[in-house]
Structures are given as C-alpha cells and as structure tokens.
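Working notes for the structure below.
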Amino acid sequence: MDIYNVKLDAFEGPLDLLLHLITKAEVDIYDIPLSKITDQYMNYIHTMQRLELDVASEYLVMAATLLAIKSKMLLPKQEEEIYNDEHDFVEEDDPREELMNRLIEYRRYKGAAETLKEKEKERGLIFSRTPSDLSPYVEEVKREPQRINASIYDMIDAFNQLLKRKQEKIPRKTKINREDFPIEKRMEEIIEQLNQANGRTMFFQLFDYEERSQLIVTFLAVLELMKAQKIICKQETNFSDISVCRWEGETFVG
Amino acid sequence: MLDKVEMKAIVEGLLFISGEEGIDEKQIADVLQIDILSVKDILRDLIDQYTDQSRGMQIVELAGVYQFTTKQDHAPYFKRLINSPNSATLSQAALETLAIVAYKQPITRAEIEEIRGVKSERPLQSLVSKLLIKEVGRVEGTGRAILYGTTKDFLDHFGLKSLQELPPLPEKDDDTSLEEADLFFQRFQQNLVDN
Amino acid sequence: MLDKVEMKAIVEGLLFISGEEGIDEKQIADVLQIDILSVKDILRDLIDQYTDQSRGMQIVELAGVYQFTTKQDHAPYFKRLINSPNSATLSQAALETLAIVAYKQPITRAEIEEIRGVKSERPLQSLVSKLLIKEVGRVEGTGRAILYGTTKDFLDHFGLKSLQELPPLPEKDDDTSLEEADLFFQRFQQNLVDN
C-alpha cells in the first residue's frame, strides 16, 4: 500500500503537503533535497489521480513549480551569470529559495493555528450566561430622535447571539446514562414528586425522560404504586390528561 | 464522590448558567447524581450564604425552580447603567428585536416573541420611543395585532440608503451545512460575474 | 457616599446582569461615580474572593471587559446541561486563515492566499459569518480589495484579554509546532491502515 495514500483533504494545500513530506523525510528545510521531495510529491499527486480524486489546481501549479526548480538545479551554471562583471559579483540564486521562504512563512501560521486551537478548546470549558434584559430599567424618553451608539453590526451581532442562545438551548434536558434505574427508587421519586406538588400531578409530568428504559421503569413504577394503593390515577374523559394523586388525599374526595 | 464544598460550587455554577430560566431540583440531582434531599440541603446552604447584605445577587425559588436574581435595592444602579449617556447603546434585547423587525417586517409582537422565545413588549416600546420602529399596519381579522416596521430614522441611523442595503444575516452554522455554503458561493460568484 | 462593602455588592450585581457581554472598568466607574483606580481595587477584591475553591464562578477579563464565567474544572458537569458555546470548533482551514488575519491584520484575501497557497474564500466567509473577523477597510486604488481584521468576538472565542495577549508567532526556524502537527498525520495514517 502506498504510504502517501491519504485523503486529499487531510492537507490544507500544496504547502501543507510539502511541509508534511519534508518533516517526514527528516530533512533540513533550509536545504531541501529537491529531487527526492519532488518525486514524493509527484507520487502523491499520481496516487490522488489514480483514486480519481479531484486534484485542485493549486497542487498542479506546485507540481510544475517543483519540476521547474528541479530542472534549474540540474542545468550547468552559466558563466556570465556567475561572473557578470569583474566588479559586480552577482551572487548565485538558489532556485529553491523562494519556495523555502514560502514554506517557512506558512509553517509559522500553521503553528499559530495550532496554538489558537488549544486556546479555543480551553475557552470551551468555561460558560457564561445571557445578559439580563435591562429594558425594564430604561427610563421613558421623550419621543424624539436620539443619538444611539449602535451600528448595524451590533444589531446583527445581537441576532447572532440570539441564534447561538437558541442553539444552546436545544438539549436542555440532561442526558445522563444511568446504569441503574431501579423501580423502587423511581417509586420513591414519584411519591416525592407528588409530595412537592401537594399530592397531585399530571401523568405526563412523571415522564420527563428521553431514554426508553427510563420511561418503561417509570410506567412500571406507576403501576406498582397503584397496586400498592399509594397513588390513584384519574381521567375525566376519554383522551383527556390523566392526573396522578396520592391515595390518602383522594379517597375522601373521590 | 464529590465532597459537599465541591458540590456547592457546582450548584452555584449551575444556577449561574441557567440564567432567567432557572433550574429545578431534579435537574441538579441528575447532574450531580445525588438524591433530591441532598440537593435541597445544598440549596438551603447556598441561599443562606447569599442572603448576606454584602452580596450582589440572591437566590430565589419560584415554583420549584431556583434562579439567581439581582437585588431590588440595586435597581437605581442598573438604571444608571442602561440610561447612561456614554453607553447609550441599545440593550441586547432591543438590538435583537430591532434585527428581527428589520429583516422580517411587517411583523407582529407575537411573531417576534416566537422567534426570541421571550416577552418583548418592553424592547418594542423602547424602540418605538427611540423612533427606530413604528406601527405600519394591522393584521386583518380579530385582534387586529399591530404590525411593526422600521422607520426612516432607522435607515439614517445605520447609514443605509434603503432596506435593500441591509447586510445578509449570519447563517446558523456554516461549517456543518456545506450545502448552504455552496449556495452562498454560487450566488457570490454570480454576483462577481454580474458586476 | 457608598461604603466599600456596598460598592462591591453592586459591582457583583453589575457583572451578573452583564452576563457574557461583560462590563468594562469605565462603565462601572460611571455607575458608581467613582474613579477607575477604586474600580480596579474593588474588582481585584472580588476576583480574589471568587478564586476560592468553594466558589462556582470566577471573574475573568475577556476582550477588554470583565465577566463572570464558570470554572474550567466544573466543565464536565455543565456539559451535561448545555452545549459548550465553542462546541462547534473551527475547521483547520478556518483556523489557519484566522491565524494569518490575527497576526497580519489588516490583510486582504489575496495576501492570505499567498501565504496559505490555496484559495481561501470559504474559510474567510465562514469566519465573517461567525463574527470572528470583519471588514476593517479597503485598499486604496483600483479594485479596492477588502481588508480583514479580527473582532471582539475573536478575543472572546479564544479567551484573550486583548490582541496584545496573542501568543507570539512561532519563530522562523521553530519547527516544534510542525512536529506536533505531523503527529496528527501519523495517527491519521495509522487509522487508515487499521481500518
């Protein structure tokens, strides 16, 4: 299996791929063995093409650049370039230099992106709250245009906060996998819930769960409590809401 | 197992993040995986702590739901904050409401409340009194609810020539919904070609 | 004249109502009609108080404003109740683009693409719609390309007080971060082989 047979989108572009090849080959970025790296790069591109992945044009442009640099390095140096003039010694340009600088520059920001990612993760561990609605404190003002320090972006920002808030609110129900959800415990909880609600609650209010198993256990607990004459369930008419009452509270009334 | 000091700290944090919706004993019990009685015990402790005069918040219970609120005594300072000329900014509530009116006009109060998920009478009033929005009509039929729209002052204030100049609203989340992003780019490129 | 205990209570209340928007020293000074130094003093006191292990919140300075947040250690409990605000993390492309904007702002799309070596329209658009970057101006002359810069939300998203707090950009010959990044690819390839 080809070692470069990785998904195309694992790389952020030709520079990213090149950096990867350089690091992998453990070579000096200031002295890239161009022939070797170019071969590996072309190998990767060919593999992508064999897999019929779309190779973005940037990758092909880079391939051409690499080949151009490679051929330049193979060419014998032309004399007039080296000794242009007796007094004016022209320093020989390394054909790799421009690419090297780009790689080094890109690498810095790639590193910075990693740091940001860490910071983002840390920040994700602290939570705040939506600001209080302060409009009750707004003093009634005369009906005249006022100067307001808000831009259109403040408005859009506010709307965005609203979306964010709504998004955060969706899973308000706690989702906790309880290994043990024994009927006995659920029976106690139902009695406790009834006590808190002055001995009477609605049937559906007992089923504030998302897990199937918890719903079943709650239903069984209700049946058990009815059998033990601890609670009584009442329904006024067909399909109306069922209310659940403590037995003692209800025997006299019912 | 958490000790009581830790549990109290977590309950404090829970009360804080649950904001104006509050949190009930059962939710707390579920999060900490302890029984309701222990929750009651912790809450009683916390409430006591906050009763102290030196505190800026208090914990109140309403229908089994606990929440932090500010103290009545401090209302004058909150008034000063919101009405201070330096921060003559619109409140978050007012800005949200204004955004909804701007993009969805004409719109009724009920529809705004549906989107915001909270009562919005006060922010609406405040926007009307600042002449940023106004009544633009009534819904046909019973009730004849007021329809709100933005004013010319609104355009002036935000430096817009017309409502067409409003920037597009942010997408909900674009990294996940690539299709939406694709549509956006198609339109974006179309625009580039057109111009 | 208020005594310090009262002022502290009021500041606590102000921080609380400001929520994730936060409040700055000047706003507090205006409300209490005291000078900035006294505000700093009160804030320091409050911050100290909340540092205590028994507390569920902390006061942090983010994007130039002070705000209450929960503590990192308690994150697992709150995650059971709500989604993390940053749970939708940014893609690698967006992070790279954002890093370039953060360190080189104001900067045009073309300059970003020059550094990244790939088209960056999409990540830019995604960052704009997430309000992490915004247009901060235009290049003079023909074309008038948009210049991008980071926003206040950017600071908040990454838990930074100000742009000065950005960690220094890695040195040119520093390749440790790269090695770390490359670990990812090793694991990635391992996964491919394993599956």
Residue, of B:Val11, B:Ile10, B:Thr70, that accumulates the most heavy atom pairs under 4.5 Å with chain C = B:Ile10
message = What part of C:Ile23 gets within 4.5 angstrom of chain B, counting heavy atoms only: side chain, backbone, both, or neither?
response = side chain
request  = Find out whether C:Phe154 and C:Leu98 are in side-chain contact, i.e. whether some heavy atom of one side chain is under 4.5 Å from a heavy atom of the other.
outcome  =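 Yes, at least one pair of side-chain atoms sits under 4.5 Å.
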message = Could you check whether any side-chain heavy atom of C:Thr150 comes within less than 4.5 Å of a side-chain heavy atom of C:Lys134, counting everything from C-beta outward?
response = no
message = Donor-acceptor pair, distance only, cut-off 3.5 Å: does the side chain of C:Glu113 make one with the backbone of C:Lys119?
response = no
note = Greatest number of non-hydrogen atom pairs under 4.5 angstrom with chain B, of C:Lys8, C:Lys71, C:Arg55, falls to C:Arg55
inquiry  = I need the single residue from C:Glu121, C:Glu114, C:Glu135 that forms a salt bridge (charged side-chain N to carboxylate O under 4.0 Å, His left out) with C:Arg109. Which is it?
reply    =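 Of the listed options, the one satisfying the test is C:Glu121.
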